[in-house]
There are 2 protein chains.
Amino acid sequence: MNPARRIRDEIAAAIRSGEWRPGDRVPTEQELAARHGCARATVSKALGELAAAGLVERRRKAGTFVAHPPVHSAVMAVPDLAELIAARGEVYRWSLKAMRIETDGVAQCPPPALRVEGMHFAAGEAFALETRFIALDEVPDAANADFRAEAPGTWLLGHIPWTEARHVIRAVTPTRIEAAQLGVATRAACLELDRTTWRAGRVVTHVRQLFRGDRFDLVAEFNAGT
Amino acid sequence: MNPARRIRDEIAAAIRSGEWRPGDRVPTEQELAARHGCARATVSKALGELAAAGLVERRRKAGTFVAHPPVHSAVMAVPDLAELIAARGEVYRWSLKAMRIETDGVAQCPPPALRVEGMHFAAGEAFALETRFIALDEVPDAANADFRAEAPGTWLLGHIPWTEARHVIRAVTPTRIEAAQLGVATRAACLELDRTTWRAGRVVTHVRQLFRGDRFDLVAEFNAGT
DNA sequence: TGTATCATTATGTCTAGACATAATATGAGG
DNA sequence: CCTCATATTATGTCTAGACATAATGATACA
């Protein structure tokens with residue numbers, strides 16, 4: 001095994017097992033290098049990776065210390081609905097309901113914006129109601145896309161690489177109309193996911209997805225390191 | 001500025017701006033080294049960081065390529081409730097409702113498990129209802145902790161370092177009893193957060209938190225790199 | 001006693017070179 | 001034209017050494 005990897009995994013194991021507790025001092029690079037019979041740069045690389053993963057904290061002169069665990073973050077799977085439903089082994093379908101161009105600024109998306117409304121179906125049943133705004137200045141091609149054939153989210157995936165996004169998740173009771181469209185009882189709980197997507201500091205698209213509470217869970221995992 | 005950082009940021013900017021598109025070939029390390037007047041190891045480090053951040057993909061012999069954006073993940077803030085509420089400038093309070101030892105396996109938590117039920121308050125009003133199981137074999141000290149004075153989540157933070165966790169988030173309608181406890185109308189939408197926490201492959205604690213839908217949003221962000 | 005200065009120390013970064021590894025490209029033989 | 005072996009190439013990893021940087025602790029001075 002690589003020395004760098006070995007050192008890294010050894011320290012990571014000691015931290016995760018609780019043998020080294022938060023705040024504990026990690027041996028100096030010199031010491032680790034001598035103990036493992038390798039160059040200091042190799043140890044430094046291993047410690048650098050651990051620091052990047054958040055397991056240790058390095059301070060000049062002071063040394064390297066086991067970091068305090070960050071309980072506040074987890075990686076959430078934000079699925080492309082077509083993929084998600086296909087992964088469940090159900091048939092996916094998208095149905096466009098309405099589309100028009102908004103010339104006023106709406107919902108954090110600067111005008112002119114293309115407003116697209118539609119429904120995602122899984123196995124023939126309504127799954128999620130979507131209302132989306134696409135900034136036409138950022139994605140002019142969107143005006144020519146056929147959103148009857150393809151959901152705008154799926155289309156955008158292939159047309160705007162490398163964006164940043166912010167999601168807000170909340171539980172809501174749908175309006176009477178939304179409940180009817182989703183085929184759930186009025187006041188049944190639904191999960192609302194609002195996603196705003198940016199590129200180079202400018203909003204590209206904003207979408208609100210309303211999920212049937214009984215058919216959708218979000219999952220998030222936190223694994224120290226990796 | 002550091003050469004390594006400069007190279008890294010330059011390439012990251014080119015990718016994020018869309019100048020280099022997914023699948024594009026990044027210049028070879030030799031080329032970048034020559035262009036920036038530095039050693040190949042320096043370029044290699046920069047590319048390594050970009051690869052770790054997921055912006056590029058490196059393949060032996062083939063070269064380095066702009067990666068395809070992963071739309072499926074975002075970092076979610078999973079707050080410690082005491083901190084979250086304090087950050088809002090509201091007064092936090094915890095109230096223990098019930099506590100007993102379960103000798104049967106319940107809710108993914110192996111017996112013997114300490115079952116703790118209580119309520120989190122913000123500014124005097126009910127905020128979240130919590131049902132927690134703590135594996136006593138993993139955290140024997142929990143039997144002696146005073147969960148009337150301190151919420152078990154807060155207590156655990158100081159007693160079990162470096163765990164892994166899995167969260168499931170869903171929208172639910174509370175039972176009549178839960179609604180009454182939370183002080184919301186029956187059938188008002190609530191956000192349910194289930195968290196299972198592991199250490200060294202064994203479940204440490206499992207908690208179900210039921211939030212008032214009108215007082216709590218979850219936020220998740222995705223930023224390419226960093 | 002309090003403060004400024006300086007040497008020490010551990011990390012941070014870099015270099016030039018070396019060898020390993022794996023995937024591609026090339027060419028020989030069928 | 002296809003297939004297999006070989007050479008090439010770009011990344012992966014490592015070394016030994018160097019200098020930079022920042023924080024600590026000791027020392028000298030006011």
Side-chain angles (χ1 to χ4, degrees), chain A residues 1-15 20-70 162 224-226, chain B residues 1-15 19-70 224-226:
Chain A
M1 172 98 71
N2 289 335
R5 198 176 301 249
R6 204 185 57 231
I7 297 170
R8 193 191 62 190
D9 293 348
E10 197 179 300
I11 296 176
I15 293 174
W20 293 2
R21 301 184 62 85
D24 281 3
R25 191 201 186 101
V26 173
T28 69
E29 297 186 352
Q30 303 249 13
E31 220 171 306
L32 289 169
R35 189 186 305 173
H36 290 87
C38 66
R40 188 174 74 89
T42 306
V43 173
S44 188
K45 198 194 170 194
L47 290 178
E49 287 172 20
L50 289 170
L55 266 102
V56 303
E57 193 186 340
R58 307 173 83 184
R59 290 203 300 276
R60 279 200 163 112
K61 156 68 185 173
T64 302
F65 300 85
V66 178
H68 291 270
W162 285 113
T226 54
Chain B
M1 172 96 74
N2 288 337
R5 198 176 299 251
R6 204 184 58 231
I7 297 170
R8 193 192 60 189
D9 293 348
E10 197 178 301
I11 295 176
I15 293 174
E19 185 187 340
W20 292 2
R21 300 184 61 85
D24 282 4
R25 191 202 186 99
V26 172
T28 69
E29 297 186 353
Q30 303 249 12
E31 219 171 308
L32 289 169
R35 189 186 304 173
H36 290 87
C38 66
R40 187 174 74 89
T42 306
V43 173
S44 187
K45 198 195 170 192
L47 291 177
E49 287 173 19
L50 289 169
L55 265 97
V56 303
E57 193 186 341
R58 309 172 81 183
R59 291 204 298 276
R60 281 201 161 109
K61 155 69 186 175
T64 302
F65 300 85
V66 178
H68 289 85
T226 52

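Listed nucleotides: C:dT11, C:dT13, C:dA16. Nearest to the side chain of B:Lys45: C:dT13. When distances are taken from the side chain of B:Ala39 to each of D:dG12, C:dT11, C:dT15, the shortest belongs to C:dT15. The side chain of B:Arg25 approaches D:dA10 more closely than any other nucleotide in the set D:dA16, D:dT11, D:dA10. The B:Ala4 side chain lies nearest to C:dC14 when the options are C:dT11, D:dG12, C:dC14.
Nearest-nucleotide mapping onto DNA chain D: of B:Glu29 and B:Ala41, the residue sitting toward the 5' end is B:Glu29. Residues B:Arg40 and A:Cys38 each lie close to DNA chain D; by heavy-atom proximity, the contact nearer the 5' end of the strand is made by B:Arg40.
Atom CZ in A:Phe65 sits roughly 11 Å away from atom C1' in D:dA23 (whole-Å rounding). Taking atom CD on A:Gln30 and atom P on C:dA10, their separation rounds to 7 Å, with Å as the unit. Taking atom CZ of B:Arg58 as the reference point, atom C1' of D:dA10 lies 10 Å away to the nearest angstrom.
Residue B:Thr42 places at least one side-chain N or O closer than 4.0 Å to OP1 or OP2 of C:dT15. Within the 4.0 Å cut-off from OP1 or OP2 of D:dA10, not a single side-chain nitrogen or oxygen of B:Arg59 is found. Using a 4.0 Å cut-off, some side-chain N or O of B:Arg5 falls inside it from OP1 or OP2 of C:dT13. Under 4.0 angstrom from either OP1 or OP2 of C:dA10 there lies no side-chain N or O belonging to A:Thr64.
A salt bridge links B:Arg58 and B:Glu29; the closest N-O separation between the charged side-chain nitrogens and carboxylate oxygens is under 4.0 Å.
Within 4.0 Å (heavy atoms only), A:Ser44 reaches at least one base atom of the nucleic acid.
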